[in-house]
Amino acid sequence: MEAFSDGVIAIIITIMVLELAAPHHSDVAALRALVPVFLSYVLSFINVGIYWNNHHHLLNVARHVDGRVLWANLHLLFWLSLIPFGTAWMGENHFATWPVAVYGLVLCCAGAAYFILARALIAADGRDSVVAAALGRDAKGKASVGIYLLAIPLAFVRAWAACALYVLVAVIWLVPDRRIERATVDAATR
């Protein structure tokens, strides 16, 4: 499951970078037109990287995979696979309202899917498992989905403010989350 997911995530990143078309002119002004496309790519690359990193850590402590986990993982990969679409639409339309809202919807659904995957892994491993101890009540995961839910309608009022909230969630997750490492060490010392 981990190898398959890694492959899908690598393809997602490849699709996103292929959307970065080189300008047809050789002056700096030609690059300026690509700034929104590049910024949306950077945000999406960071988000996909965060999902890959956390997915990797989560699966490293999981001991059991059942059908529910496999379907939950596919659910997450489905939403992640839509990130290149949202990225391209948002960047090419200079962060217009609808593309920013749809991008947020994709991020929100990916966040919810990750939460569902985590709960499926806890159910497969048990409430006393390393996965359960590592995730706890998953305040970061719940807060992220909540921020996305706030940002989506905000996109219709101030698209830049919604984008700022998307960046905020990424920053929250960029801060290293040591819960899984701590839970692994705690389980090994028992």
List the steps and the verdict of side chain to side chain contact (heavy atoms under 4.5 Å, CB included) for Phe38 and Leu31.
CA-CA 10 Å; Phe38 181 71; Leu31 285 177; over 6 Å; no
Ring centroid separation Phe156 to Trp98 under 6.0 Å
yes
Nearest-0.5 Å distance that lies between atom CD in Glu2 and atom CG in Leu59:
5.0 Å
Interatomic distance, Ile83 atom CD1 to Leu80 atom CG [nearest 0.5 angstrom]
5.0 Å
Would you call the rings of Tyr148 and Tyr166 parallel, tilted or perpendicular, taking 30° and 60° as the class edges?
tilted
Nearest 0.5 angstrom please: Asn47 CG to Ile12 CD1, how far?
12.0 Å
I need the Ser40 OG to Leu34 CG distance, nearest 0.5 Å.
10.5 Å
Could you tell me if Trp52 and His56 have a donor-acceptor pair between their side chains, going purely by distance under 3.5 Å?
no
For Phe45, I'd like to know if atom CZ has over 12 heavy atoms of other residues, nucleotides or ligands within 6.0 Å.
no
For the CD1 atom of Ile9 and the CG atom of Leu76, what is their distance to the nearest 0.5 Å?
7.0 Å
At their closest point, which heavy atom of Ala162 faces which heavy atom of Leu154, and how far apart are they?
N-CD2, 3.9 Å
Before giving the answer on side chain to side chain donor-acceptor pair (under 3.5 Å), spell out for Tyr103 and Ser44 the whole-Å C-alpha distance, their side-chain angles and the decisive distance to 0.1 Å.
CA-CA 10 Å; Tyr103 184 77; Ser44 294; 2.7 Å; yes
Distance check, rounded to the nearest 0.5 Å: Phe95 atom CZ versus Met90 atom CE?
5.0 Å
